[in-house]
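Inspection log for the structure reproduced underneath, given as structure tokens.
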There are 2 protein chains.
Amino acid sequence: MTSPEPAPEFNLEDFLPYRLSVVTNRVSRAFASRYEAAWGLAIPEWRVLAVVGSFAPLSAAEVCDRTAMDKVKVSRAVARLVRRGLLERRRDGSDQRVQLLSLGPKGREVYEGVVPMARAIEGALTAALSPGERKNLLRALDKLDSCVAELEDRATSPWD
Amino acid sequence: MTSPEPAPEFNLEDFLPYRLSVVTNRVSRAFASRYEAAWGLAIPEWRVLAVVGSFAPLSAAEVCDRTAMDKVKVSRAVARLVRRGLLERRRDGSDQRVQLLSLGPKGREVYEGVVPMARAIEGALTAALSPGERKNLLRALDKLDSCVAELEDRATSPWD
DNA sequence: CCGCTATAGTTACAATTGAAACTAAATCGC
DNA sequence: GCGATTTAGTTTCAATTGTAACTATAGCGG
């Protein structure tokens, strides 16, 4: 009797969330070590620096939105960057709760170095992909993203 | 004088490693909460259970290979699963260092529930994607993966 | 056989993380 | 105006994680 088992042979390699996770972690880890080596920046710090450099002045909450990191992580990253003199923080005139963030001179200097490196990374990474493939990849990610967001909303989901 | 700045306008949203990371984390988080709610399994445990269920008997090292998790994580996940009575662990005859893992009756039961759920998740997720898109996505991930692996190898990289 | 190196897996410790509690300022309802 | 609720941001605490050290067994060279 070899048939009572449905013998599903579930293969993790073909499971999309798993595949995503493995590749993403490899990519992140690989590049985190570069930021770290070059400027002593951890990923959350790197991200904060990048968005503040591009969109300053900016509140912590706006940084949360733009980086998709929660406020605790942002708060800690900002604190470290301020302590290191890369970021400046001043209270907003109209609302004394928010603190507007901007790059200090030192922070701008680092930012000017960080952006080209990011572009180089992007280039090296997508060297493996044609422009069309890259675009499709990003589109697919967007679709997954909104799909997940939708599922999150509905408390009751197909696999509950 | 508005021109001394190269005004790079670096946009994080278009930065592939970032995009990957955000989407992947959302997906992982969303599904982790389902495993957790349904069986009290954390992601590492879920993964170990999945590969042991499909490929038992298996050593911890083989689980590492198949799940891309490091041996500490695997060791801890296995320990928890054994403690909960889902996994069985016995010494290999020929090599007293390795422990072969397999599902206990209770583990098999959970496994039989877990696999359909995984398929449902996969289905819900790729509902947003056509079969072609899904395939292209996986192919693109593979390409990125080997690209990163290659860059890792060469100690000296384009952006050092 | 015996020391040496390598491998399987675990343990210890420090750093990172997230959930929840917290502080302070703003806004809403009345 | 003023108590109740909301929002910005920080802090605390417990859990998860990774690095490195460790234990135990295997295999290799002589």
Side-chain angles (χ1 to χ4, degrees), chain A residues 21-22 24-26 28-33 35-37 40-48 51-52 57-84 87-102 152, chain B residues 21-22 24-26 28-33 35-37 40-48 51-52 57-84 87-102 152:
Chain A
S21 160
V22 168
T24 298
N25 286 339
R26 287 225 181 97
S28 293
R29 212 102 35 79
F31 297 142
S33 65
Y35 310 143
E36 170 53 46
L41 294 173
I43 289 189
E45 288 152 25
W46 186 95
R47 286 190 186 160
V48 169
V51 303
V52 173
L58 211 71
S59 72
E62 289 169 313
V63 173
C64 290
D65 289 345
R66 288 206 176 270
T67 59
M69 302 192 292
D70 67 89
K71 61 183 184 171
V72 178
K73 215 181 214 172
V74 169
S75 172
R76 291 195 266 238
V78 167
R80 265 172 305 206
L81 290 170
V82 169
R83 222 176 300 127
R84 288 183 49 188
L87 230 57
E88 289 171 1
R89 183 156 52 169
R90 64 176 197 286
R91 296 251 164 229
D92 186 14
S94 65
D95 187 336
Q96 287 303 110
R97 288 171 308 181
V98 342
Q99 327 207 57
L100 294 179
L101 305 168
S102 51
E152 290 278 78
Chain B
S21 160
V22 169
T24 299
N25 286 340
R26 288 226 180 97
S28 294
R29 214 109 25 84
F31 296 142
S33 65
Y35 309 143
E36 170 52 46
L41 294 173
I43 290 189
E45 288 152 26
W46 186 93
R47 287 190 186 160
V48 169
V51 304
V52 173
L58 210 74
S59 72
E62 289 169 313
V63 174
C64 290
D65 289 345
R66 288 204 177 269
T67 59
M69 302 193 291
D70 66 89
K71 61 182 184 172
V72 178
K73 216 180 213 175
V74 170
S75 171
R76 290 195 267 234
V78 167
R80 265 172 306 204
L81 290 170
V82 169
R83 222 176 301 126
R84 289 185 46 190
L87 229 58
E88 287 170 5
R89 185 157 50 170
R90 64 178 197 283
R91 296 251 166 228
D92 186 15
S94 65
D95 186 336
Q96 288 302 110
R97 291 170 306 179
V98 343
Q99 327 207 55
L100 294 180
L101 304 168
S102 51
E152 291 279 77

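Since this is a predicted model, take the numbers as computed values, not measurements. Proteins get letters first, then strands, A, B, ... in listed order; numbering begins at 1 in each. The analysis underlying the following values was restricted to heavy atoms, covering all of them including side chains, and did not include hydrogens, waters or symmetry mates.
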Yes or no on side chain to side chain contact (heavy atoms under 4.5 Å, CB included) for B:Asp92 and B:Gln96, after CA distance, side-chain angles and deciding distance? CA-CA 6 Å; B:Asp92 186 15; B:Gln96 288 302 110; 6.0 Å; no
Output every pair passing salt bridge (charged side-chain N to carboxylate O under 4.0 Å, His left out) with a member in residues 68-84 of chain B, not counting sequence neighbours, ordered by first then second residue. B:Glu45-B:Arg80
Nearest-angstrom distance from the residue atom CG of A:Leu100 to P of D:dA8: 13 Å
B:Leu41 atom CG is separated from D:dT16 atom P, nearest whole Å, by 13 Å
Select from B:Arg76 and A:Asp70 the residue whose nearest nucleotide in DNA chain C is closer to the 5' end of that strand. B:Arg76
Under the 3.5 Å rule, do the base of D:dG9 and the side chain of A:Arg91 count as making a donor-acceptor pair? no
Which residue, A:Val63, A:Leu101, A:Asp65, forms the side-chain contact (heavy atoms from CB on, under 4.5 Å) with A:Val74? A:Val63
Using a cut-off of less than 4.0 Å, is there contact between a side-chain N or O of A:Gln96 and OP1 or OP2 of D:dA8? no
For A:Arg80 and C:dT17, what is the distance between atoms CZ and C1' respectively, to the nearest whole Å? 11 Å
Quick one: B:Lys73 NZ to C:dG9 P, roughly how many Å, whole number? 18 Å
So, for A:Val48 and A:Ala77, which heavy atoms are closest and what is the spacing to 0.1 Å? CG2-CB, 3.9 Å
Can you measure A:Arg26 atom CZ to D:dG18 atom C1' for me and round it to whole angstrom units? 17 Å
Which whole-number value in Å describes the distance from B:Met69 CE to C:dG9 C1'? 14 Å
Does A:Ser75 make a side-chain N or O approach to OP1 or OP2 of D:dT10 shorter than 4.0 Å? yes
Among D:dT17, D:dA8, C:dT10, which nucleotide sits nearest the side chain of A:Val98? D:dA8
From B:Ile43 atom CD1 to B:Thr67 atom OG1, the distance as rounded to the nearest 0.5 Å: 12.0 Å
Using whole Å, what does the distance between atom P of nucleotide C:dG9 and atom CG of B:Leu81 come to? 15 Å
Quick note, B:Lys71 side chain, CB onward, closest among C:dT10, D:dA26, D:dG18 is C:dT10
Rounded off to whole Å, could you give me the CZ-to-C1' distance for the A:Arg29 and C:dA15 pair? 15 Å
Quick one: label A:Val72 by what it contacts on the DNA or RNA (base, sugar-phosphate, nothing), any heavy atom closer than 4.0 Å. base
Closest to the A:Arg97 side chain: C:dA24, D:dG9, D:dT17? C:dA24
Side-chain N or O of A:Arg89 less than 4.0 angstrom from OP1 or OP2 on D:dT10? yes
